K.L.:
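First the structure, then my questions, so here it is.
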Number of protein chains: 2
Amino acid sequence: MELNQQAEKFYQAWGSLGSNWGINKTMAQIHALLLISENALSTEDIMEKLKISRGNTNMNLRALMDWGLIQKEHITGERREYFMAEKDIWKVSRLIARERRKRELEPALRLLEEIRAVKDTDASTKKFKKQIEEVYKFTAMVDSILEKFIKSNNSWMMKIFSYIAK
Amino acid sequence: MELNQQAEKFYQAWGSLGSNWGINKTMAQIHALLLISENALSTEDIMEKLKISRGNTNMNLRALMDWGLIQKEHITGERREYFMAEKDIWKVSRLIARERRKRELEPALRLLEEIRAVKDTDASTKKFKKQIEEVYKFTAMVDSILEKFIKSNNSWMMKIFSYIAK
DNA sequence: TGAAACTTTCAAATATTTCTGAAACTTTAT
DNA sequence: ATAAAGTTTCAGAAATATTTGAAAGTTTCA
């Protein structure tokens with residue numbers, strides 16, 4: 001089997017998997033393509049390999065830059081912009097964790113804080129309040145762990161992972 | 001503010017948050033509703049509180065049962081079926097982790113295993129193979145940690161979390 | 001047995017998300 | 001200044017996902 005075939009299989013499949021992850025197909029495909037590409041690619045290169053429109057390519061490149069997963073690279077003598085992905089998978093995982101924390105966890109935490117802040121002495125709400133408090137405490141804990149994880153480096157992560165695995 | 005108002009705010013908002021989590025709005029709302037409800041609720045109760053159709057309610061109750069997040073409860077003398085949620089948030093987190101591992105991680109792992117299994121001595125594929133191997137190793141590690149987490153109990157989780165937090 | 005009470009299914013309608021492509025905009029080189 | 005090269009935007013089109021509601025199916029009990 002050729003490299004191209006295997007590579008194509010990888011980024012095509014990674015795209016469909018992305019959907020399960022709540023990341024859109026094109027975004028996941030472009031990321032996969034750049035992750036295994038040795039050199040930086042231009043918008044044109046990406047459009048051609050993935051057979052997608054310019055607008056779609058541009059939108060998703062921008063999203064990937066927002067996530068910090070790819071960067072622009074200016075090649076001297078070339079006017080066109082090239083893009084390359086962060087290749088260290090540990091670092092990639094921290095960038096993804098950061099973004100998902102922001103999108104998935106922080107808004108939930110804000111809602112829970114708002115609800116628990118309401119003073120209420122009515123006996124009938126006791127159990128409700130208690131359950132909200134449990135959910136809040138758990139969410140806050142996960143949030144603080146994610147924060148620590150995001151700010152850490154590869155060796156801290158490895159240390160933690162081997163502690164958990166033992 | 002009344003209990004009902006606060007409760008409603010909680011399950012309505014939790015529904016929109018669910019979308020960020022890749023869980024559909026109704027499923028998240030029903031789960032939130034049952035999570036803070038003291039007693040088991042019938043399909044009718046849920047339809048009424050959330051203003052949704054019978055079909056939608058039924059589908060999402062079934063999905064929640066598949067995830068293991070809710071259970072049927074038969075009330076003696078009552079023909080109608082009632083539903084109640086698992087209330088322990090630690091256990092809930094393990095159930096969610098189990099399902100997301102199955103949906104999000106396992107398929108990725110299978111793809112990576114398939115690609116790395118292909119024998120290829122061509123020099124030009126070296127870097128590609130190396131990168132796939134890195135991604136695979138990382139994914140496999142996350143998978144094994146999730147497995148451990150899913151099979152654990154509350155006190156193991158607390159122990160790990162305080163180790164990480166320190 | 002049969003009819004009332006309740007649950008499940010699924011095709012069609014609705015809503016949401018993603019993608020396209022052409023036009024507008026920006027940058028660079030002469 | 002201007003034209004070529006490249007980038008961004010965004011309204012409408014296409015694709016996906018969710019929801020409805022009515023019909024079919026199941027269970028219970030008199």
Side-chain angles (χ1 to χ4, degrees), chain A residues 11-34 40-67 70-84 99 103-104, chain B residues 11-12 14-34 40-67 70-84 99-100 103-104:
Chain A
Y11 59 69
Q12 291 297 342
W14 204 257
S16 348
L17 291 174
S19 321
N20 301 340
W21 281 78
I23 285 161
N24 94 43
K25 192 179 139 204
T26 308
M27 187 170 160
Q29 280 184 343
I30 296 177
H31 186 232
L33 177 59
L34 289 174
L41 301 179
S42 69
T43 301
E44 304 278 336
D45 294 335
I46 295 166
M47 284 169 64
E48 200 184 311
K49 293 221 186 202
L50 301 179
K51 307 259 186 293
I52 55 175
S53 72
R54 186 174 298 282
N56 194 11
T57 307
N58 185 267
M59 262 182 57
N60 284 293
L61 282 172
R62 205 142 34 76
L64 285 165
M65 284 193 285
D66 286 347
W67 282 57
I70 65 170
Q71 287 185 305
K72 279 187 184 171
E73 184 174 293
H74 289 283
I75 293 179
T76 34
E78 280 271 15
R79 175 133 164 226
R80 194 178 289 189
E81 285 179 333
Y82 286 79
F83 300 89
M84 64 179 316
E99 222 44 40
R103 283 153 206 256
E104 301 183 2
Chain B
Y11 59 70
Q12 290 297 343
W14 204 257
S16 348
L17 290 175
S19 320
N20 301 340
W21 281 79
I23 285 159
N24 94 44
K25 192 178 138 204
T26 307
M27 185 170 161
Q29 279 184 344
I30 296 177
H31 185 232
L33 176 60
L34 290 172
L41 301 179
S42 70
T43 301
E44 303 278 337
D45 294 335
I46 295 167
M47 283 169 64
E48 200 185 311
K49 294 221 185 202
L50 300 180
K51 307 256 186 294
I52 55 175
S53 73
R54 185 173 298 284
N56 194 10
T57 306
N58 185 267
M59 260 182 61
N60 284 293
L61 282 171
R62 204 140 36 74
L64 284 165
M65 284 193 285
D66 286 347
W67 282 57
I70 66 170
Q71 287 185 305
K72 279 186 183 171
E73 183 174 294
H74 289 282
I75 293 180
T76 34
E78 280 272 15
R79 173 129 166 231
R80 195 177 289 188
E81 286 179 331
Y82 287 78
F83 300 91
M84 64 177 319
E99 221 45 38
R100 295 187 85 162
R103 284 153 204 256
E104 301 183 1

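Worth saying up front: this structure is predicted, and the values here are computed from it rather than measured. In what follows, every chain begins at residue 1, and chains take the letters A, B, ... in the order their sequences are listed.
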K.L.:
Rounded off to whole Å, could you give me the CG-to-P distance for the B:N60 and D:dT18 pair?
P.N.:
9 Å
K.L.:
Could you tell me whether the side chain of A:W14 and the main chain of A:A28 form a donor-acceptor pair under 3.5 Å?
P.N.:
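Flag not set: sc A:W14 to bb A:A28 has no pair under 3.5 Å.
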K.L.:
In Å and rounded to the nearest 0.5 Å, what is the CG to CE distance from A:L41 to A:M84?
P.N.:
9.5 Å
K.L.:
Whenever both distances are under 3.5 Å in a Watson-Crick or G-U wobble pair, mark it; put DNA chain D into dot-bracket that way, with [ ] for crossing pairs and | when the partner is on another strand.
P.N.:
||||||||||||||||||||||||||||||
K.L.:
Ignoring hydrogens, what is the shortest heavy-atom contact between A:E73 and A:A40? Give both atom names and the distance.
P.N.:
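Smallest interatomic distance, heavy atoms only, reads OE2-CB, 3.8 Å.
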K.L.:
So which one's nearest nucleotide on DNA chain D is more toward 5', B:K25 or A:G55?
P.N.:
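Its nucleotide being nearer the 5' end, the pick is A:G55.
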K.L.:
In Å and rounded to the nearest 0.5 Å, what is the CG to CD1 distance from B:L61 to B:I70?
P.N.:
4.5 Å
K.L.:
Just the endpoints, please: which first and last nucleotides of DNA chain C, 5' to 3', lie under 4.0 Å from a heavy atom of chain B?
P.N.:
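That gives a stretch of C:dA4 to C:dT9.
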K.L.:
Can you check the B:Q29 CD to D:dT19 P distance for me, whole Å?
P.N.:
8 Å
K.L.:
Please name the pair of heavy atoms, one in A:E104 and one in B:W21, separated by the smallest distance, quoted to 0.1 Å.
P.N.:
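Residues A:E104 and B:W21, closest heavy atoms: O-NE1, 3.0 Å.
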K.L.:
Nearest whole Å is fine: how far is D:dA4 P from A:R80 CZ?
P.N.:
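Computing the A:R80:CZ to D:dA4:P distance gives 17 Å.
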K.L.:
Work out which heavy atom in B:G15 is nearest to a heavy atom in B:Q29; give both atom names and the distance.
P.N.:
CA-CG, 3.5 Å
K.L.:
Quick one, which residues of residues 44-53 of chain A touch DNA chain C with a heavy atom under 4.0 Å?
P.N.:
A:I52, A:S53
K.L.:
How do B:N56 and A:N56 order along DNA chain D: which one's closest nucleotide is nearer the 5' end?
P.N.:
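Upstream on the strand: A:N56.
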K.L.:
What distance separates B:L64 CG from B:M27 CE, expressed to the nearest 0.5 Å?
P.N.:
4.5 Å
K.L.:
Enumerate the residue pairs fulfilling salt bridge (Lys or Arg N to Asp or Glu O under 4.0 Å) with a member in residues 43-61 of chain B, sequence neighbours excluded, ordered by first and then second residue.
P.N.:
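Sorted pair list: B:E44-B:R54.
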K.L.:
With A:Q71, which residues qualify under side chain to side chain donor-acceptor pair (under 3.5 Å), at least two apart?
P.N.:
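Listed in chain order: nothing, the list is empty.
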K.L.:
Which nucleotides of nucleotides 24-30 of chain D have their base under 4.0 Å from a protein heavy atom (B), which only their sugar-phosphate (S), and which neither (-), written as one string 5' to 3'?
P.N.:
---BS--
K.L.:
Could you tell me whether the phosphate oxygens of D:dT19, OP1 or OP2, come under 4.0 Å of any side-chain nitrogen or oxygen in B:N24?
P.N.:
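Yes.
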K.L.:
Can you name the closest pair of heavy atoms from A:Y11 and A:A32 and give their distance?
P.N.:
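Heavy atoms of A:Y11 and A:A32 come nearest at CB-CB, 3.6 Å.
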K.L.:
Please report the closest heavy-atom contact between B:R80 and B:S42, naming both atoms and the distance.
P.N.:
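B:R80 and B:S42 have their closest heavy atoms at CD-CB, 3.4 Å.
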K.L.:
What integer distance in Å separates B:M59:CE from D:dT18:P?
P.N.:
8 Å
K.L.:
Report which part of the nucleic acid B:R62 touches: base, sugar-phosphate, or nothing (heavy-atom distance under 4.0 Å, all strands).
P.N.:
sugar-phosphate
K.L.:
How long is the span from the CG atom in B:N60 to the NZ atom in B:K25, to the nearest 0.5 Å?
P.N.:
11.5 Å
K.L.:
Where is the tightest heavy-atom contact between B:I30 and B:T57, given as atom of each residue plus distance?
P.N.:
CD1-O, 4.1 Å
